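What you see is a predicted model; the values in this text were computed from it and never measured. Each chain gets a letter, A, B and so on, in the order the sequences are listed, and its residues count up from 1. Side chains are part of it too, since the values below use all heavy atoms of this structure and drop only hydrogens, waters and symmetry mates.
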Amino acid sequence: MNKEVRVRFPPSPTGYLHIGGARTAIANWLFARRHGGKLILRIEDTDAERSTKESIKGIIDGMKWLGLDWDEGPYFQTAFTAAHRTAAERLLASGKAYKCFCTREELEAKREAALTAKQTHVGYDGHCRDLAQEQIAAFEAENRPFVVRFKVPPEGEVGYVDKVLGRIARPCNEIEDFVIVRSNGKPLYLLCNVVDDIRDRISHIIRGQDHMTNTLRQILLYQALNAPVPVFAHMPLTLDLKKAKISKRSHGEIVAVQFYRDHGFIPWALVNFLVLLGWNPGDDREIFSKEELIEAFSLERINKSNSIFNYRQGDPKFFTDPKAININGHYLRTMPVEDIAAMVKNELVKDGLWHEAFDGDRKGWYLKTIDMLRERFYTTRDFVTAGRAFFADDFEIEEKALKKNVLKHPDLVKWLPMLADRLEATNEITPEKAEAVARGLAEELGIKMGIPVNAARALITGRIKGPSMFELFAHFDRDTVLKRLRRVGRIFEAAS
RNA sequence: GGCCCCUUCGUCUAGUGGUUAGGACGUCGGCCUCUCACGCCGGUAACACGGGUUCGAGUCCCGUAGGGGUCACCA
């Protein structure tokens with residue numbers, strides 16, 4: 001049992017990295033790290049028709065963004081076509097595979113016939129399995145096209161113990177002689193995959209349950225090629241609320257890892273969320289550091305049943321699974337503020353709100369701003385949307401704040417400038433002084449302090465909620481505070 | 001349709017014959033308060049169904065229903 005742990009993540013580059021693929025990658029990565037093994041990244045680009053450069057880049061970028069590092073590769077499957085053919089030839093030469101000259105039309109006809117006869121078994125009937133040598137020679141002489149089929153043992157049983165599902169087995173006679181090489185000479189996925197895994201000395205194959213039915217046929221190939229059979233673990237799939245498999249086609253960007261990057265997710269938070277879909281540590285923990293997760297991960301605790309990605313299209317409150325957002329919010333509030341500040345910098349730069357001073361003179365102010373705001377935010381995007389007023393003068397006052405906290409009290413046209421005047425009269429605005437000023441003013445006017453204070457929040461931050469306003473009077477630049485309070489007249493004019 | 005897999009709160013899940021069926025997210029209520037989707041406290045909510053086995057079943061067995069996967073010269 002001291003065999004080296006070698007696992008692989010073999011995406012086919014026909015789209016972006018989606019969360020289902022990411023989950024598989026995460027499981028493999030964690031397993032490799034847990035056991036001091038190696039993770040191999042292998043791009044299965046055999047399907048040249050559908051494989052694209054952008055897709056390869058997208059997958060690699062996604063892996064890197066998530067922080068999933070690999071030890072070997074990326075290898076490209078197309079670089080090993082010679083090996084795939086050699087393997088097929090070996091099987092042919094040793095009588096474990098044979099040439100099948102049946103045409104597609106013939107096979108289709110047989111299939112139809114079997115279906116109409118309501119036969120349960122509609123697989124290949126083994127027509128070419130035992131062709132006479134002369135017959136084969138004759139077909140070859142006339143250059144008749146052929147595929148290579150694997151000769152499934154006529155009796156016995158194939159089986160294995162799945163790390164997730166337990167024992168899986170089937171009698172061989174229920175498995176048809178499957179094609180391993182196309183008539184154009186190109187080996188098929190089933191074969192390539194096995195040949196690659198043997199060459200890469202893969203010890204554990206951790207993949208989605210959609211590959212379950214490939215497994216038995218692949219085991220037959222391992223045996224025929226005299227290679228040790230790896231350990232298999234088939235992870236449950238991730239479905240949508242309607243229990244349909246998530247896919248780019250039907251769900252769009254919401255299932256792309258890149259979507260989360262672009263919407264202010266913290267990479268590790270997404271990893272943390274995804275790993276919880278179909279796995280748990282056996283105790284109540286849900287938030288893990290990288291080290292903790294590696295330590296806790298095991299194939300044995302992967303669930304058998306599919307999980308649902310709880311995303312409702314058009315939900316005004318949650319743009320993706322609420323738990324994912326919650327976990328992201330947790331990391332946003334608890335990570336070192338410098339780390340968050342660095343991520344927010346990217347967002348600010350993207351939106352043209354970044355000032356070099358935030359890395360210089362105003363660094364303290366910048367960090368304080370991040371720290372104040374993050375208590376109520378969920379993504380790093382929130383800083384440039386909900387938090388825009390902290391970084392720019394041209395921000396919108398949200399409708400709710402305007403109506404409820406400003407327009408409702410027309411006298412604010414007088415009160416807010418009064419508040420500004422009194423703040424201006426203090427030589428330095430501190431939270432304590434600001435509070436005293438606000439209380440004093442409210443008392444004199446015989447109004448609740450909340451009225452001018454919340455109106456000030458709307459005018460200064462554009463929002464109906466946020467950090468303590470007294471803190472903010474002191475935090476914002478003095479001129480900004482006064483200027484924004486004195487805008488109240490124009491706000492009323494604009495609204496009338 | 002054949003074969004395979006699965007089935008605990010709305011969602012993610014704990015649970016390996018005896019539990020008031022636990023936690024998290026969501027949701028609802030309260031507290032805090034200048035506001036708030038922070039925080040804290042509390043509530044709501046689940047064993048798909050039917051038969052067995054057993055003193056006793058979410059846990060074991062069988063069946064039914066439902067869901068998923070897969071049945072290519074795609075990967």
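Rounded to the nearest Å, the gap between the P atom of B/G43 and that of B/U64 is 42 Å. Of the C1' atoms belonging to B/A72 and B/G67, the separation is 25 Å, rounded to the nearest Å. Between the P atoms of B/U20 and B/U11, the separation comes to 26 Å (whole Å). Separation of the C1' atoms belonging to B/A21 and B/G15 is 8 Å when rounded to the nearest angstrom. B/U8 and B/G68 are spaced 15 Å apart, taking the P atom of each and rounding to whole Å. Spacing between B/C28 and B/U7 at atom P, rounded to whole Å, works out to 31 Å. Taking the C1' atoms as reference points, B/G50 lies 15 Å from B/A57, given to the whole Å. A gap of 13 Å separates the P atoms of B/G10 and B/C49, to the nearest Å.
One finds a salt bridge joining A/Arg8 and A/Asp197 here, because a Lys/Arg side-chain nitrogen approaches an Asp/Glu carboxylate oxygen to under 4.0 Å. We find that A/Glu347 and A/Arg381 are joined by a salt bridge, their nearest charged nitrogen and carboxylate oxygen being less than 4.0 Å apart. Salt-bridge formation is not detected for the pair A/Asp371/A/Lys368: no Lys NZ or Arg NE/NH1/NH2 atom is positioned less than 4.0 Å from an Asp or Glu carboxylate oxygen. Classification of A/Glu399 and A/Lys403 as a salt-bridged pair holds, one side-chain N sitting under 4.0 Å from a carboxylate O.
Within the 4.5 Å cutoff, side-chain heavy atoms of A/Leu293 are placed close to those of A/Trp279. The shortest side-chain heavy-atom distance between A/Arg217 and A/Ile175 falls under the 4.5 Å cut-off.
Pairing for B/C49 is with B/G63, a Watson-Crick or G-U wobble pair whose two hydrogen-bonding atom distances lie under 3.5 Å. Nucleotide B/U20 has no partner under the Watson-Crick or G-U criteria, as no pair reaches both atom distances under 3.5 Å. Remark: B/G1 base-pairs with B/C71; criterion is Watson-Crick or G-U wobble with both hydrogen-bond distances under 3.5 Å. When Watson-Crick and G-U wobble pairs are counted only if both distances are under 3.5 Å, B/C25 pairs with B/G10. Searching all strands for a Watson-Crick or G-U wobble partner of B/G39 with both distances below 3.5 Å returns B/C31.
One interatomic measurement links the two molecules: CH2 of A/Trp279 to P of B/C12, which rounds to 17 Å at whole-angstrom precision.
Evaluation of the salt bridge (Lys or Arg N to Asp or Glu O under 4.0 Å) rule for A/Asp321 yields no partner, not counting sequence neighbours.
For A/Phe9 and A/Trp70, the gap between ring centers reaches or exceeds 6.0 Å. Within the 6.0 Å centre-distance limit, the rings of A/Phe390 and A/Phe476 are counted as a close aromatic pair.
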Output a table of nitrogen or oxygen pairs between the protein and nucleotides 27-29 of chain B separated by less than 3.5 Å.
from  : atom 1 : to       : atom 2 : distance (Å)
B/U27 : OP1    : A/Lys317 : NZ     : 2.6

What protein N or O atoms touch nucleotides 66-72 of chain B N or O atoms at under 3.5 angstrom, if any, and at what distances?
from  : atom 1 : to       : atom 2 : distance (Å)
B/G68 : OP1    : A/Lys243 : O      : 3.4
B/G68 : O2'    : A/Asn306 : ND2    : 3.0
B/G69 : O2'    : A/Gln209 : O      : 3.3
B/U70 : O2'    : A/Thr213 : OG1    : 3.1
B/A72 : OP2    : A/Arg111 : NH1    : 3.3

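Position along RNA chain B of the nearest nucleotide to A/Pro13 versus A/Pro322 favours A/Pro322 as the more 5'-ward residue.
Residue A/Tyr311 places none of its side-chain N or O atoms closer than 4.0 Å to OP1 or OP2 of B/U11. Contact check, A/Asn303 against B/U13: a side-chain N or O comes under 4.0 Å of OP1 or OP2. At B/U13, none of the side-chain N or O atoms of A/Arg285 fall inside 4.0 Å of OP1 or OP2 (strictly under the cut-off). Here A/Asn280 reaches the OP1 or OP2 of B/A14: one of its side-chain N or O atoms lies under 4.0 Å away. Residue A/Arg182 places at least one side-chain N or O under 4.0 Å from the OP1 or OP2 atom of B/A75.
If you check distances only, the side chain of A/Ser183 does reach the base of B/C73 with a donor-acceptor pair under 3.5 Å. Contact of A/Arg463 with B/C36 (side chain to base): no donor-acceptor pair of N or O atoms is detected under 3.5 Å.
Each of A/Tyr378, A/Phe318, A/Phe319 was evaluated against A/His263; a single residue qualifies, A/Phe319, per the ring pair (Phe, Tyr, Trp, His ring centres under 6.0 Å) test.
Counting non-hydrogen atoms of neighbouring residues, nucleotides and ligands closer than 6.0 angstrom, the NZ atom of A/Lys151 exceeds 12 such neighbours.
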